[in-house]
Amino acid sequence: MDLTGLNAPQREAVTTLHGPLLVLSGAGSGKTRVITYKVASLIFDHGVSPYRIMALTFTNKAAREMADRIERLIRLPVRGLLVGTFHSICARLLRIEKVMGGNFTIYDTDDQKKIIKGVLDDLNLSDSRSFSPGDVAGRISGLKNRLITPERFDLQIGNVFDEQFASIYRRYEMKKRKSNGMDFDDLLIEALEMITKNDLLRDKYQEKVQYLLVDEYQDTNRVQYELVRQLSNKHRNITVVGDDDQSIYSWRGADLRNILEFEKAFPDAKTVRLEQNYRSTATILDAANAVISRNKARKPKTLWTEGERGDKLEVHYLYNDLEEAREVTRRIRTRGPKSTVIFYRTNAQSRTLEDELRNAGIPYVIVGGLRFYERKEIKDVLAYLRLLVNPADEVSLARIINLPKRGIGDKAYASLCEFAARLQIGPFEALSRLEEALEFTARERTAFSVFHNLCLALSAQRQETDLVSFVQFVAEQSGYLKYLEESEEEQAGERLDNVSEFINAVGEYVERNDSPTLESFLQEVALLTDMDAVKNDTGEQVTLMTLHAGKGLEFDYVFITGMEDGLFPISRAEEEGGLEEERRLFYVGITRARKWAMLTHAATRRRFGTTTSAFPSPFLDELPEHCIRRIDRTGGSTSFALRDKPAAAPLFNEVRENRQAMPSYEHFSQEDGLLRNGMKVQHPIWGKGTVVMVSGLADNMKATIKFQNDAVKKVMVKYAKLEIVGG
DNA sequence: GCTTAATAGGCGCCT
DNA sequence: CCTATTAAGC
Ligand SMILES: Nc1ncnc2c1ncn2[C@@H]1O[C@H](COP(=O)(O)OP(=O)(O)OP(=O)(O)O)[C@@H](O)[C@H]1O
């Protein structure tokens, strides 16, 4: 195969076939390309069967792209190659090996919270402030990522709180199991158990996986590490690529030690470093390198480019979030929407941007936030399908037993569950033994049996038709479509459209797969994010997403919005290492850009419906001045008056140090860097004026200026870009 | 059991 | 600001 698309170290990584290999390198250095070429070369040059190669990516989209690119490199369709995310590949193995019958339901965060809510109710902890379903879910996931089972947790109980939590955790696991369901963490854990506890299966998969390749290795967690070890244990041909500076998922259990200590875990490992960046301009790289070099916990690396210097990045200081959105929109209008991304730290920030883009008639697509498959109407239809595949699924049953309304309210459902518990069966199974129950009212009994007959009818139809017609049949016969049609709700029309779109998606799935089944469709869908539907940078539309979602992508033009202290870095990131992770996130953001980037700060922003003000992000001070142009459009007084309030003290000591280290501003030419009363200055917006008062020190220096039109403004010297025109 | 109105509470990132 | 949940009324 033609390896001329690779530089020397890349080629070395690709041609190192045997043993453990680590590629640890900075952004845009061609790590993903190494994996792609290596897989292609293994198949094409070395005759390795695609069935013997497993490649793990971070998103489904990355997996699909990789598979496409491999086929293009080989110029042949490839069958049997295992490319996917850890979660999707694990789900697939578990289904194939019929773990939990193979028809398990994958519970997303929403389902998970419902189970936990039920548990809290059972344990009378619902109104305990210490336990909210979301918190509990997060804590449970944290434990599971570290392979701490309820039994193991029991051993480390230290107080009453732990004890209560332990019983929640235990009961959650029990309920989930009763429903034949798995949460996201279970997919990895169960797959790991499967290959560690079952000798036959271990041999099978260790033998099968002749080559294992992992992208974005810096964001793998403990369980994923164990999986990697197990799967590569026989052939030991393991290639991992990653960048410790781009590790941004520690809150989800990602453990940097996996990549930093790879050589310890695999002592015979070879390490390759890629140092040439093929993505960004020199200016972008300078800026990114300067920022990331402030982190202490990292492996230093070199990153250079042969590319041109490119334009300076721009840092805009704006009055509020609306102005920010307008400024971004204005830039996009002149340049066009092609290959442009707008990043933000939190999903809630997208709305203002969206509104402005819509007003300006600029096409855009939002990635993240509410996933398509998380919409209510989609989850409703999915619940019917899940229940038919897995009748033990109590979350789905509870969701649709009275949707549309069938006269089975909370009370009736509760008494069904009680009856079921007495028989030690699930509530769905109980529906087929109604005659044994004495407690139901005549009305309830009829309602139950009508619902039960409906399910039987739907189930019977499943064998009769193809998948698409079946899903259509379910949507109709369940009465759900009718319910939407008759709904008075404003969004009812949109919901109906979404259901049709969902049915189209079933069609696409059927076309894409050799042996489509409802089971595999449901499991695939549970792991899809709407990242996966995003066109690769080609479309004539702007992409909006969080910085986290940007990992691994590239765009010509990058906008990073919301550069405010408390928002980015986010104020909650105060725990150990939190600031460094925020900085890595900033690094990831900047390095997505090929040509140019613009960063915006809004002095005030609407949050929770009220206006809040914030200091500029300390990260803005970490950018070398020769890489950037600062533009202040706050209009002087208003926003910076707010800065006088002591409310928002800098969050991090480290930040404060950085600030002091950074007082060089190009428009600020006086040797001692001080303005004096009576000086004549030029302000970019307000024009010429005379300094009447100076207050504050260093970065907090403020000048009160009387302008020629007699307006008196107080401005932050640091940002106002004052030019001294006479003393 | 169902509908409507009031209000609590949320926003950190995601498989 | 938005949505999701709860209380009150039918
Ligand atoms: N040897 C090469 N010659 C030319 N272009 C290359 C080479 N290697 C990679 N590229 C290009 O550089 C860009 C970045 O490559 P790639 O995505 O593989 O890097 P990466 O290290 O995985 O990046 P990141 O870690 O930032 O996601 C891509 O556009 C890719 O096509």
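Here is how names work: the chains are called A, B, and so on, in the same order as the sequence lines, proteins then strands, and each is numbered from 1.
Using a 4.0 Å cut-off between a side-chain N of Lys or Arg and a carboxylate O of Asp or Glu, A/Lys175 and A/Glu394 do not qualify as a salt bridge. Using a 4.0 Å cut-off between charged nitrogen and carboxylate oxygen, A/Asp321 and A/Arg607 do not count as a salt-bridge pair.
Partners of A/Asp355 according to the salt bridge (charged side-chain N to carboxylate O under 4.0 Å, His left out) rule, which considers only residues two or more places apart in sequence or in another chain, are A/Arg358.
Checked against A/Lys144 for a side chain to side chain donor-acceptor pair (under 3.5 Å), the options A/Asn221, A/Asp183, A/Thr149 give a single hit: A/Asp183. Here the rule is side chain to side chain contact (heavy atoms under 4.5 Å, CB included) with A/Met545, and of A/Leu553, A/Ile366, A/Ile342 only A/Leu553 fits it. A/Asp215 pairs in a side chain to side chain contact (heavy atoms under 4.5 Å, CB included) with only one of the listed residues (A/Leu56, A/Val83, A/Val241), which is A/Val241.
Counting non-hydrogen atoms under 4.0 angstrom, A/Asn60 reaches nothing in the nucleic acid. Nucleic acid contact class of A/Thr109 (heavy atoms, under 4.0 Å, all strands): base.
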Collect all protein-nucleotide pairs involving nucleotides 8-11 of chain B in which both atoms are nitrogen or oxygen and the distance is under 3.5 Å.
{"unit_1": "B/dC11", "atom_1": "O3'", "unit_2": "A/Arg572", "atom_2": "NH2", "d": "3.1"}

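Aromatic ring centroids of A/His601 and A/Phe615 lie 6.0 Å or more apart.
Look at the P atom in both B/dC13 and C/dA4: the space between them is 15 Å, to the nearest Å.
In the set B/dC14, B/dT15, B/dG12, B/dT15 carries the atom at the smallest distance from any side-chain atom of A/Thr85. Of the candidate nucleotides B/dC13, B/dC2, B/dT15, B/dC2 has the atom nearest to the side chain of A/Asn402. Minimum atom distance to the side chain of A/Ala412 is reached by B/dG1, of the listed C/dC2, B/dC13, B/dG1. Residue A/Trp251 has its side chain nearest to B/dC14 when only B/dT15, B/dC14, B/dC2 are considered. Side chain of A/Lys411, nearest nucleotide from B/dG12, C/dC1, B/dG1: B/dG1. For A/Asn347, taking side-chain heavy atoms from C-beta onward, the closest of the listed nucleotides B/dC13, C/dC2, B/dT15 is B/dC13.
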So A/Tyr483 and A/Tyr480, ring-ring contact (aromatic ring centres under 6.0 Å, His included) or not? Walk me through it.
-> CA-CA 5 Å; A/Tyr483 156 80; A/Tyr480 191 71; 5.5 Å; yes
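Checking A/Tyr587 against A/Asn295 by side-chain atom types alone, no donor-acceptor pair falls below 3.5 Å.
To the nearest angstrom, P of B/dT15 lies 7 Å from CZ of A/Arg371. Atoms CG (A/Asp410) and C1' (C/dA7) sit 14 Å apart, rounded to a whole Å.
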Pairing of DNA chain B as dot-bracket, 5' to 3': ( ) intra-strand, [ ] crossing, | other strand, . unpaired, with Watson-Crick or G-U pairs under 3.5 Å?
-> ||||||||||.....
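Taking 3.5 Å as the limit, the base of C/dC1 and the side chain of A/Arg351 contain no donor-acceptor pair of atoms between them.
When each of A/Arg443 and A/Thr546 is assigned the nucleotide of DNA chain B with its nearest heavy atom, A/Arg443 is the one assigned upstream, toward the 5' end.
A distance cut-off of 5.5 Å between ring centres, combined with a plane angle under 30°, leaves A/Tyr249 outside any stacking arrangement with the base of B/dC13.
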